[in-house]
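Only a predicted model underlies this, so the values are computations on that prediction, with no experimental measurement involved. Because only heavy atoms are used, hydrogens play no part in the values below, and waters and symmetry mates are left out as well, while side chains stay in. In what follows, chains are A, B, ... by sequence order, proteins preceding strands, each numbered from 1.
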Amino acid sequence: MEAKQLRHDLGVAGSAPKSPAYLALLRAGSRIKPLQQVHAHLVVSGSHRSRALLTKLLTLACEAGSILYTHRLFLSVPIPDAFLFNSLIKASSKFGFPQYTVFFYHSMLAFCIPPSSYTFTSVIKSCADLSDLRLGRGVHSHALVCGYGADSFVQAALVSLYSKSGDLGAAWKMFDKMPDRSVVAWNSMISGYEQNGLSKEAIVVFDQMRELGVEPDSTTFVSVLAACSQLGALGLGCSVHRDVINSGLHVNVALGSSLINMYARCGNVSKAREVFDSMKERNVIAWTAMISGYATNGYGTQAVELFREMKARGSVPNTITFVAVLAACAHAGLVPEGREAFASMRQDYGLVPSVEHHVCLVDMLGRAGLLNEAYQLIKELGAEEAAPAVWTAMLGACKMHKNFDLGVIVAEHLLEVEPENPGHYVMLSNIYALAGRMDRVEMIRNMMMGRSLRKRVGYSTIDLNHRTYLFSMGDKSHPETSEVYQHLDELMSRCREAGYAPAPESVMHEVEEEEREYALRYHSEKLAITFGLLKTKDGVSIRIVKNLRMCEDCHEAIKFISIVTKREIIVRDKLRFHHFKDGSCSCMDYW
DNA sequence: TTAGGGTTAG
C-alpha cells in the first residue's frame, strides 16, 4: 500500500515499466494516422504478435472513431482472449458503436469465453443505445444465468436500459429491488421519467432521493431541471437552481445549458441570459440553448444578434442551431436574415437542411405573406423532404392570409398523405368556414367522424407554490370550479366593456353550434389564468403552459385580460411564448 | 502482460 502511494506521489503510477512499442502507441493516442504508422512499425519489428500491444492498438483505433479498422484488426487475431473481448466491448460501447458491441459480445460467446460483470454493463448500455429492448431482455437473462443479477453496476445499467426504452415499470421493478442504489441509479430513474415525458414522476423520485439523504450530483440536477422545463414550472426550477448553488457543485456546460433551457422554457429570458453570461465555458449546445430561448420567447432580433456573436467567437453552429435561428426569423418576421442563414447553412458549414429547416423557412415566408414563394419552395423539394410538416406550415400560412384556393389544395394533399391526422381536417374546415362555405365545413366534419377521428384535447397548466394545476376545456373537476367559472364570467364581461368581442369562428366545427360560445369562453387557458388570478396577489405575473396552440380568440381575450387586471400574462403554447402586457403580445400577433 | 463499468444539456 505504501509503495503504491509512493509510486503515485512520484508520478509513476502503474507497475511495470512500459516497452518502447507500448509507449509509441500511447504517444499516437486516439489518432488514426499515427496509430497506423505505429502498427506498421509493429509488423516490421515482429512485435505485432504481442497480445497486449494489439489490444491497446485496437481500443485506441476504436476511440479514434475507426471501427472498420478496429474490426479488421480484430479479425487478424487468431484466438482472441477475454481481455481483448472486454476491451473491445467496452471501447465500442463507450465510443458509439453499439452494433459492434453486440457483435463482439456474440463473438465472445462463440469462443466460449465467459462474460464478466464489466462485459454486461457495456453490452446493456449498447442495447439501450440501439433501443433494442428485446435484445436487452435477452442479455438481462444471460447476466442472471451468469450470476451477475446482484451486481450493482449491472443493475444500474438495466435500470437505464428499461427507462430509456420506455418500459418504466420494468425500470422501477429493477430499481426497487436494488439493495444499495448509487446516485447513478437514481439519476437513471429520474432521467428515464423525464425523457418519457413523465416530468412530475421525475420530480417525485428526486424528492424521494433527497428524503433518503442521497446527495444529488450535477447529472441529477440536469435531469430535474429538464423536468421543470417540460412542466414550465418556474417556481420549482428556481428552487432547484438555489439547490445547485447551495450544493457548491461546479456548474459545467451541461448543467449551465440545462439552467438556460429551464429559465427560457419557463418564460424568464433575462434569468436565462444571466446564467449564460455567468458561464465560464460555452459550447455549441449552450449557445444554441440561449438562441433558442430568445427565439421561442419572441426576441428574434436578439436571437440573430447572439448567433452573430457566437460565430464571431469561433463557435461552430450545427443543424440544431440553425433550426433555432430560422425559427427566430420566422416568428419575428426577419425574412432577409432568415434567407441569409438558410443559404449559409450549406455554403459556410456544409450542413444539409432537413425537414425542420424547411418547415421554418416555409413558415417564415408564409407568415410574411410570400405564399407563392413558399409554395414554389415546397414544389421544388423532393418527395421525402416535402414532409407533411412542411405542408402543414404552408397550410397555416394560407389560413393566416385567408388564401382559400391555395389552402384547399394544400389541405387536400395533407388529407391524402395523412388521413389519420385530425389536425388537418380541423384546419381545412376552418379555411372553408373563413370562406363562408358552411356546406363544406359540414362535409369535413362528417368525414372526420366517419373515420372516428377526434381533435386532440387541449389543456393548460399553471404552477403555483410548487404544485401544478391542470385545466381542460369545460373542465369542472377542480374543487374550486364554481368560483373559477364565476370569476371568469365577470372577467369576460369586464373585457367586453373594454372593447373585446368574441370571435366564434375560432371553435369552428369541433363542437355543436349551440356549444360554440360556451366552448370559446371556457377554453383551458382562460380557466387556468382565472385560477391564477384568484390565487395570486395583485401585480404578480401569471404563467400558463398549454399543450396545443392558442386560438385567435383566446389570444385576443388575454390581451384584454392583461389590461383590465393590470397583470403580465405569459403563455407557453406548443410552439412558442406569448408575453401579454398592457393589451399587447410579444408575438405582435404574428404567430 | 494489459482496465475497468451504469447517469446528464440544445
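Of the residues in residues 227-245 of chain A, not one comes within less than 4.0 Å of DNA chain B through any heavy atom.
Taking the centre of each ring, A/Phe221 and A/His241 stay at or above the 6.0 Å mark.
The aromatic rings of A/His142 and A/Tyr105 lie tilted to each other, with the angle between the two planes from 30° to 60°. Ring-plane geometry between A/Phe276 and A/Trp287 is classed as perpendicular, the angle between the planes exceeding 60 degrees on a 0 to 90 degree scale with a lower cut at 30. Ring orientation note: the planes of A/Tyr100 and A/Phe103 are nearly perpendicular, at an angle over 60° on the 30°/60° scale.
Within the nucleic acid shown, A/Ser116 comes within 4.0 Å of at least one base atom, counting heavy atoms only. Counting non-hydrogen atoms under 4.0 angstrom, A/Ser117 reaches a base of the nucleic acid. No contact: A/Asn252 has no heavy atom under 4.0 Å from any strand. Counting any heavy atom pair closer than 4.0 Å across all strands shown, A/Ser182 reaches a base atom. Among the protein residues, A/Ala254 comes within range of the nucleic acid bases, having at least one heavy atom under 4.0 Å from a base atom. Nucleic acid contact class of A/Glu194 (heavy atoms, under 4.0 Å, all strands): none. Using a 4.0 Å heavy-atom distance criterion, A/Val159 is classed as making no nucleic acid contact.
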For A/Asp217 and A/Thr220, what are the C-alpha separation, side-chain angles and deciding distance, and is it a side chain to side chain donor-acceptor pair (under 3.5 Å)?
-> CA-CA 5 Å; A/Asp217 64 8; A/Thr220 320; 2.8 Å; yes
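Distance from the side chain of A/Tyr22 is smallest to B/dA3 among B/dT7, B/dG10, B/dA3. The side chain of A/Phe153 sits closest to B/dG6 out of B/dT1, B/dA9, B/dG6. The listed nucleotides are B/dG10, B/dT8, B/dG6; the one nearest the side chain of A/Ser93 is B/dG6. When distances run from any side-chain atom of A/Lys90 to the nucleotides B/dG10, B/dG4, B/dT8, the shortest one goes to B/dG4. Side-chain atoms of A/Ser191 lie closest to B/dT8 of the nucleotides B/dG6, B/dG5, B/dT8. Nearest nucleotide to the A/Asp151 side chain, out of B/dT8, B/dG5, B/dG6: B/dG5.
Sorted pairs that involve residues 110-123 of chain A and meet salt bridge (charged side-chain N to carboxylate O under 4.0 Å, His left out), not counting sequence neighbours, are lacking altogether. For residues 56-85 of chain A, the set of pairs meeting the salt bridge (charged side-chain N to carboxylate O under 4.0 Å, His left out) definition, not counting sequence neighbours, comprises A/Arg51-A/Asp81.
Note: CG (A/Asn283) to P (B/dG10) measures 11 Å, nearest angstrom. For the pair A/Asn187 CG and B/dA9 P, the interatomic distance rounds to 11 Å; values are reported in whole Å. Rounding to whole angstrom units, CD of residue A/Glu356 and P of B/dG10 are separated by 13 Å. In this entry the distance linking NZ of A/Lys94 with C1' of B/dA3 reads 10 Å, nearest Å.
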